[in-house]
Structures are given as C-alpha cells and as structure tokens.
Amino acid sequence: MSTLAVETSAGRRARAACSCSHCGLPVPAGLFEEGAAEQFCCAGCRTVWGVLHAGGLEQYYRVRAAVEAPSERARTTGARYEELDDPAFRTASVRELEDGSAETDLLLEGVHCAACVWLVERLGRVTPGVIESRVHVRTRIARVRFDPERVALSRIARALDSLGYPVHPARGQAARDARTREDRRHLIRVAVAGALAGNIMLLAVALYGGEIAGIDPLWDGVFRWVSMGLGVVSLAWPGRVFFRGALAALRTRTAHLDLPIAIALLAGGAWGVTNTVRGTGEIYFDSLAVLVFLLLVGRWVQHRQQRAAADEVGLMLTLTPTSAVLVAEDGSTRRAPIESVAVGSLVEVGPGEVVPADGVVEVGHGAVDESLLTGESAPVSVRAGSPVAAGSVNMTTVLRVRVAAVGEGTRVARLMRLVAEASERKSPIVQLTDRIAGRFVLVVLTLALVTTVIWTVRADAHTALEHATALLIITCPCALGLATPMAMSVALGRAARMRTLVKSAAALEALARPGAMVLDKTGTVTEGRMSAAWFEGDDRLRGIAAALEERSAHPIGRAIVAEAPSRPAAVACEHLSGRGVRGRVDGGLAAVGSPEFVADESGVAVDADAVRRALDAGLTPVAVWAEGIGSGVFAIGDRVRDDAAEAVSALRAMGWSVRMASGDDPAVVGKVAAAVGVTDAEGRVSPEGKADLVTRLCAASDRPVVMVGDGVNDAAALAAATVGIAVHGGAEASLEAADIYISEPGVRPLVELVRLARSTKRTIRICLGASLTYNAIGATLAMCGLMSALLAAVIMPISSLVVVSIAVRPLKKRGGVR
Amino acid sequence: MTVLLIMLPMALLLAGFGVYAFIRAAKAGQFDDLDTPPLRAVFDDELEGKGSSGSG
C-alpha cells in the first residue's frame, strides 16, 4: 500500500470511526482488522472494492457520493454462472450479430441509481471482450454486447456479480422486443394525431374568423381543402385503430367503445369531404382530428400503466431459478440451464433449492415442502425411492434426484395446461364503458335517424344530413374514451404505489361490485411457513431448545431457532430422526422433540394441557426439557396472519361472501377458518377441485368471483375466476395466471384493493354522468338545428377537459383509499 | 395575402419534417427508456470518446 493511500484512509477513518471502505456502513467489531488501511463490513464489499480498484474504476466512489449517501451493503453471490455458457442457453437467449459479436439481456439485481448505471456501463473496463453494456434503470435489464471469441458469458456474469449485481438471465427477449415495438407504434400514433390536430386547429381559427369577419372565397376554399387533406390523413393513419377495433367488434358481435367512435368518425369524415368538394357547409375536420388525438392520448396513458405492471410481473418471473445442477457419470457436478435436463439424468438439489423436474430420490433423505403444489403446509419427508415433483422446495439436506419427467411431462406442466383450459373457458369481463357503448350506439343512431326524418320533412334532405352529422360528432363518446382510461390509469398508479400490480383495468373494475371471494389457506391467510405461535414454560428453555436444534434443517427446528433471542452452546447433540434431539447444555442434560420423546428422556411428565391446546389449535406441540429447569411446550405451525381476521370482516362489511378452499388437512383448514371468521371452508381440495369450485360459483351468479391464492395448486382457479389475485411469495405459475398481483404480505392489501376499485368506479360514474349531460345538451341543440360548427368546436374540448379533470382529481383529494 | 401561397406549404412542410424526425427517433428507440439517460448524463465528465446511440 502506498503512503498516499494509507494517509487518505487514515483521514477517512478519522471522520467515521470505522466505516466500510465500500459502502460506508459501520464495520462489525469481529471484522475489524488492526492496522489495515481499508476496512470492510462484509466479504461482498471487499470483493467489489477490490474489483473497482483493480479495474481503475475508483471514480465510482466520487460518482456515488454525488448522487446519494451510500447505505447498501454490496451483495455478491459468488455463483459460477456456468449455466450461461451452456449451448442450450446460448441458442435460446444469445443473439449473434453480423459483426461476429453477440448480444444478450441480463437482469441485474440491485441496480437502482445513477452510480449503478455508471458502473454497469463501464463493464468493459474490468472485463475485456465486453463491447458495450447498456442498462435500463427502471427494468434493471442490461443489454450486453460482447465478443464471444474473447470472453465467455459466464465470465461477464461473474464480473457483474463481483460488482455487487447478481445476474439472472432475462428470458423472453423476443416478447419484450415485441412489446417495445408496440409501444413505439402507440407513441407514433399519438404524435402524428397531435401534429395533425394542431395544424388543422390553426386553419380552423382562420376559417371561424372568416365566418365572423368575412373571408376571401379563394382563401376559404384553400383552407378547407388543406383541412380536408390533413383531416383525411388523421382518420386514415392514427385513426385507423378505431376502425379496426369497430370491425373486430362487429365480427365478434360484441359491444365495444370503438364502434360509436368509428361511426362518428366515418359520418363526420364523409360529410366533411362532401362539403369541401361542394364548397359550402361545415367540414368538421378540426373536431375529428382533436377527437382522434384525445382518444389516442387516453389509450396511451392507460396502456403505459398496464404495461408497467406487466413488466414488473415478467421480471419477477425472471428471478425464479432456471438452472439445475447436473450430476455426470463420474460423479462431478455442473450447473446447467433447465433446458438441458433430460429424462434419466441425475440432478442435485441443495437445501432451500427448488426441485427442477419430477423424479425419484436416489441419494439422501430429508423433507420437501410441496405447499405450492398441494397447499399442504407441513413438509413431506422423503428418502431414497420417494417421488418428488418439480416445484417443491428441498427443506433439509442435499438430495440427488433421478429425473423421470421434464417440461411438458411434469405435474406442474399438467397443472399449467389446466390453467390454459380454464382461461380459455372464462368469458372476458365486459367493461362498464363497453356495456354503455352498446346502448349508446343504439340511442345515437336512433336520434340521428329521427333528426334526418324531421328535418327532411321540415326543410330538405341536405339540411337534414347536415344536422344529423353534427349530432353524430357532438355525441361522439370522447369523454367515455378519454375519462375512463384516465381514471383507470390513476387507479392503476395508486395500486402500484401500494405495491399491487394490476395487469388489466377490467379486473380492477370487476372488483368494485361485491361477489364471492375464495381464499386459499397456505401462504394467503397463513404465513406459509412454520413459526412458533406460543411457548409455555421457563423462558430459559427457549434458548436451550434453540441450542439443541441449531444444526437441524427441519422446518420445525428452524422455527425454534428463529424464535430464540440468544442461545447457549450445546454439546454432544444426538439427533433421533422423527423424535427429537438430546444433548448437554451448560453442563446439564437437555432434550427437545415430540412430547412422548421428551417424557421418555426426562422421566417427568410434559404439561398435557398445553399439548392439548396446541393440537386443538391445529399446531404441532414440541416439548423441551432441561435438567434443573423443567419442561416447556412450543406450539409450532403455519401461523394465521395478524391482519386476516380484520380483513375478512372488512370484506364482509363491503358485501363480499368469503370462503376458504385449501389442499391442506380439513381439520387444520377448519381451525384456521374459525380463527379468521370464515364459516364456509373446505379442506383437501385438489387443484382441479378448486378450479371446479370457482367455475361453479361463476356459473351460479353474475356477480364476480374472485380467487386469491399463491401456489401452483391455485393457478387453475386463478385463471378460471372473474378476477384472479396472486399474493406475496407466489409461484410463477400463479403469477402468470392471475390478473392482479399483490406483492405486500398479508390480506389487508386485498381490502385496500377492493376500496380502490370502488372509489375508481364511483369516479368513472361521475365522469360518465357529466359527459352524458354534455352529450344530451349537444344532441338537443343539434336536433334543433342550433349546433353550429363553432359551437361544436368550443363545447367538445371543454366537455373533455371537465370530464378529465373529474377523472384525475377526486382520487387525489380524497386521499384515496387509506 | 398571396404570401400565404408560399407560407402555407412551407409551414406544412416544416410540420411534416418535425413529424418525420419524431417517427425516426421513436423507431430508433429514443423514447424506449426515459429513466436512464438523465442519470447517464450526470457523469459524462470523463473523456470517453464516442457517445453511443440508443440500441436498435
């Protein structure tokens, strides 16, 4: 270390007694190195610091100091990322470019600020062979272009990891690119419509001015023809989407808002062209162009909001592990992408990892958590010869699994097919605006017909057509098309701030009307993992039990360890499989395990009353005993969430009927249901059974049926329900099947979501009321023949403005839902 | 007033040029990411040579 470096470090230490050289957080006493120039709070920070200095990127610290106070500890996983070099992954996710370089998308955890962007985009400095890396700070996806001859993708991933950004392959690149192109088309349509509308408005000012103050017929003609030219472009190019939508609606015989819009545009356009050619009468192109522009803006706003939610869910899918550890013939292991796992191959599943394929355990014994697949909260014990299913989590020791089925053949895939079938059968939600649009078209067309007939009788056919056209344009559902998407996007934005992602506005709208709500138990109403509900006995026993269970990987053991604030040291621990642990703590004998085991060990009776109470509550009693202290009882189980009972009663109060369906043991389900106040509860329901239940409820009434769940076993029901809501910690299958994803734990967000849906619906109703009032006035004036083009041009934008401000404001003022 | 015969086409041409430029920019991906570039610009202090354009 040079003198200079030592001096600067000393100076830094003088300021902050002892903070990490990388992240600035205090260095724990145990990690303080006497006399060292640089101090680190963790291995991750040390790695990142080393990489930055070796690569000449020390400037990062200056950059970071300029944007924020450093506060996050560097996270490096040290993973090898070998799976990224696998040919199967390369063909799926790496694109070869013409100049011999390759490009891929990587999702980086931890990218969040300008300093991160700065660092990631200078990746080429520490990893030769990287040509360019560009990161998108919101989606956290980096597009890396590299020279495959000079550097392997795994090395790039390791470099990013060592900078503190764990890497995940971002699958679905093609779909993302397609969505980006769709976004661009949306934006271009809005821009073109805006430019055309603006220019036509300028010409319209001249024309209206001329109408009042007089105008040279030559210029009147020129302006009209130019207006027509621009107006026709507006209808034919950005306005095309409405005609396409209307045609689709006609073909499927459904009501859609595009239908009345297309009718108005078509009638106005035709009449405008006729009048321009004839050289007299209204031309309407200013109104039409503005109409197209405003409607497109409304759609674009809503599209962006929904797109953001879909993106977020897509990213969460990317975060789920997609690699497996393959065991070769000679016993060596390597990490490979999931695609290269075949039937008959042997895979290794570490503790805490997800089983990648269906198979049979060949080596090892322990417990797996199948709750995502079955809904059962208690782990299932497995040994050599036991079948395991893809998607279950290995809770204990390393297992080696001989693969029996992959991909389409797995149980998860069969459940996913069920999801696909369920979503095909389900009828789409008809949005309020579309329901109204159907009647609206009928009313407006009838009125137009009446106007034509009356004015043909009173005056002539020409005047009649003129007034009918004015009616069609003035009643064009601009407010419907603009205000509803605005109100919806405000609501979706609010939901996103509550960390709830709404994939379709229709789903949010459906939640406004109370109906039936089916709750899953494990992971939804309960926490989905084992924890100690209560403990009875001497407090010292908690620590002793934790000391004995310290090495245990069984969920019940982990729950006891997690519960103890501090623990003494245990020696001579003996694990007796399925019964408990005995050993010595602080010199005395001690034991923890099933009440019978502890009674045998200690020779004293365990508190029978506590054991019974635990069993009555659907919990597992675990006894603990220590020499000289006595015995105590833990009640361990999947705890009911604190907010569940309150949320259920709040939902009831809003008119929802709440029921529970779970794959778990009926006795446990019954107890949980009683605890939260649900009377209608079913246990041991298969995934198919849940989907059936939901389908039956849907058929039984026209009210919405909402399914709330988190697992693969809920996915089919989520897809079949009017609205499927996936909750915190859910499996990817349920994320895909659901319309709404709540990323906050607990049941409370569900209540807030329903409240938000209700207030949004109210806002939309007010908007519709206001816009229908405008339309009624406009229609009356037009029918009486009093609607001049000027009046129409003034009323239209004012009505839109008023309605939009209603759509955006009340939510803000009322402070929304909390 | 005859000046309008020149002004009007010119104004429309200019507007058309603006729209064309916007469409090209949108298609080149200039509006794909509105969050990162402002952060990127903060640290353009070092002389790095080529400022690369958006991804295709």
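Order of the sequence lines fixes the chain letters, A, B, ..., with proteins taken first and strands second; residue numbering starts at 1 for each chain. Only this structure's heavy atoms are used, side chains among them; waters, hydrogens and symmetry mates stay out.
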Asker: Between CG of A:L218 and CG of B:L5, what distance do you get to the nearest 0.5 Å?
Answerer: 7.0 Å

Asker: Could you tell me which of B:L8, B:I23, B:V19, B:L12 has the largest number of non-hydrogen atom pairs under 4.5 Å with chain A?
Answerer: B:I23

Asker: Nearest 0.5 Å, what's the CG-CZ distance between B:D32 and A:R184?
Answerer: 4.0 Å

Asker: Give me the atom names and distance for the closest heavy-atom approach of B:L4 to A:W219.
Answerer: CB-CH2, 3.3 Å

Asker: More than 12 foreign heavy atoms under 6.0 Å from CZ of B:R24: is that the case here?
Answerer: no

Asker: For A:R304, look at atom CZ and say whether over 12 heavy atoms of other residues, nucleotides or ligands are found less than 6.0 Å away.
Answerer: no

Asker: By a 4.5 Å heavy-atom criterion (distance strictly below it), what part of A:D183 contacts chain B: side chain, backbone, both, or neither?
Answerer: neither

Asker: Is chain B contacted by the side chain of A:L196, its backbone, both, or neither, given a heavy-atom distance below 4.5 Å?
Answerer: neither

Asker: First locate atom OG1 of B:T36, then atom CZ of A:R134, and finally report the distance between them rounded to the nearest 0.5 Å.
Answerer: 8.5 Å

Asker: Do NZ/NE/NH1/NH2 and the carboxylate oxygens of A:R138 and B:D33 come within less than 4.0 Å?
Answerer: no

Asker: By a 4.5 Å heavy-atom criterion (distance strictly below it), what part of A:L203 contacts chain B: side chain, backbone, both, or neither?
Answerer: side chain

